Protein chains: 2
Amino acid sequence: MSTAPAYRRSEPDARRLSLIEACARVLARAGIAGASVRTIAVEAGVSPGLVGHYFAGVDALIAATYAHTGARVDAALETAVAAAGDDPRARLEAFVTASFAAPIADPELLATWIAFWSLVRARPEIAALHDQQYGGFRAQLEALLADAGVARAELRPRAIELTALVDGLWLELCLSPQAFSADEAAAIARAALGRITSPDRSAG
Amino acid sequence: MSTAPAYRRSEPDARRLSLIEACARVLARAGIAGASVRTIAVEAGVSPGLVGHYFAGVDALIAATYAHTGARVDAALETAVAAAGDDPRARLEAFVTASFAAPIADPELLATWIAFWSLVRARPEIAALHDQQYGGFRAQLEALLADAGVARAELRPRAIELTALVDGLWLELCLSPQAFSADEAAAIARAALGRITSPDRSAG
DNA sequence: AACCTTGTTGGACAGTCGTACAACAAGTGA
DNA sequence: TCACTTGTTGTACGACTGTCCAACAAGGTT
């Protein structure tokens, strides 16, 4: 008589990914305080010891989760920009608007992102990932703004502004969901974008 | 022969405050992960057991620290607005600019604030404090914007936008101090404010 | 069918966590 | 000087943490 297998082997990459996704879910649900090796292992349906087999430690798993989540966001933004066609203004608007639509506006992803922020100060490797991620955001925004005809001297401050605005809206959307909706946030960001890209006729 | 006292008694309020301030310093330095009863007690120069004497638990101490920090920020903003005189535009600008000057631009306070954000999702009592704090920010901004002549229908979205922008700049100023300076952030916020309060002549 | 690699398990280990509490002592009033 | 209140200490407790590792077994090879 044959018994059912006690466990199933997975492709190493698939198992690695499932641990990363479990880590993201735990971070979203319970924050950084709840992200222990055991909690994550249970979430992934796996023995605690397996985490050590795929990652040097729990810190490395969390860092990998940040990198994976960041790449997911980058891909979603890139897709949205590409789908907007060739018009520079439309591409810029698509970049900003996509931040408030699926899959980026997902509350679970937002909460995970905030958990990463809380680690930046204490963990140098997370700080490095953060710098890289946000440097990328600003660089891409600068390029899109340049294509849309924004003056060269304005590129840097406007890119910083838009990144900060989107982040701030994102943050409050996650922390106080009843304060305003994702649609309202998107409309606010688009309005700010309109004011930035329209030639300033009230100078002086 | 008399020996030196083993400890000094403090006024209950003073001791309570010193624990709150120690908690804020620990949160800024080590994040939420490092904010244990023992760490905070050492920071305050006090025995671990004393925390339980003044607060129901470590969660209550952290919540009290959030309330205290929020009140500190409110007071600083109120002072800045009052010092700006009677001109509505100047008062509005003072509110926004004060966020990037002492004592609010303090990296320690920023880091503490981020630690609170990371707790909002998991701790209902922290979420309630957050809603109250940010509801207050937006309400005050709406009042200042109204005084400055912003159209009634625009008050809500513009207040949300300014709050988000300031928060986003604040956040990045803390997480990537080398990306831009506090002065640059203040200039960016003022420029956005100018675009918001100036009559829009490019409509249509 | 015997074998080998290695993904996977489950528990041991030292350390830290939050909480509770008995004992001590500082300061006050009598 | 004595008693009394209570701020303060230090520690014990069980539950949890991250890391480590010997043992097991799944899946492929020979």
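Note on naming: letters A, B, ... go to the chains in the order of the sequence lines (proteins, then strands), and numbering restarts at 1 for each one. Being a predicted model, the structure only gives us computed values, none of them experimental.
Counting only residues at least two apart or on different chains, the salt bridge (charged side-chain N to carboxylate O under 4.0 Å, His left out) pairs with a member in residues 38-51 of chain B are B:R25-B:E43, B:R29-B:E43.
A:D131 and B:Q178 are linked by a side-chain donor-acceptor pair at a separation below 3.5 angstrom, with hydrogens and angles left out of the test.
For B:Y134, the ring pair (Phe, Tyr, Trp, His ring centres under 6.0 Å) partners are B:H130, B:F137, not counting sequence neighbours. By the ring pair (Phe, Tyr, Trp, His ring centres under 6.0 Å) test, A:Y66 pairs with A:W113, A:F116, sequence neighbours left out.
Heavy atoms from other residues, nucleotides or ligands lying under 6.0 Å from CD of B:E125 number more than 12.
Separating the CD1 atom in B:I20 from the CD1 atom in B:I40 is a distance of 11.0 Å, to the nearest 0.5 Å.
One interatomic measurement links the two molecules: CG of B:L50 to P of C:dT19, which rounds to 14 Å at whole-angstrom precision.
A salt bridge links B:R89 with B:E93: the distance from a Lys NZ or Arg NE/NH1/NH2 to an Asp or Glu carboxylate oxygen falls below 4.0 Å. Look at B:R91 and B:D147 and you find no salt bridge, because none of the NZ, NE, NH1 or NH2 atoms lies under 4.0 Å from a carboxylate O. Between A:E161 and A:R195, no side-chain nitrogen of the basic residue sits less than 4.0 Å from a carboxylate oxygen of the acidic one, so the salt-bridge criterion is not met.
Toward the 5′ end of DNA chain C lies the nearest nucleotide of A:G45, the other residue of the pair A:R38 and A:G45 mapping further downstream.
Considering only side-chain N and O atoms, A:S36 lies under 4.0 angstrom from the phosphate OP1 or OP2 of D:dT17.
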N/O contacts under 3.5 Å, protein versus nucleotides 27-30 of chain C?
none

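At a non-hydrogen distance threshold of 4.0 Å, A:G57, A:V58 from residues 52-65 of chain A come into contact with DNA chain D. Residues from residues 21-33 of chain B with heavy atoms under 4.0 angstrom of DNA chain D: there are none.
B:L165 approaches B:A189 most closely through the heavy-atom pair CD2-CA, 4.2 Å.
Here B:R15 lies in heavy-atom contact (under 4.0 Å) with sugar-phosphate atoms only.
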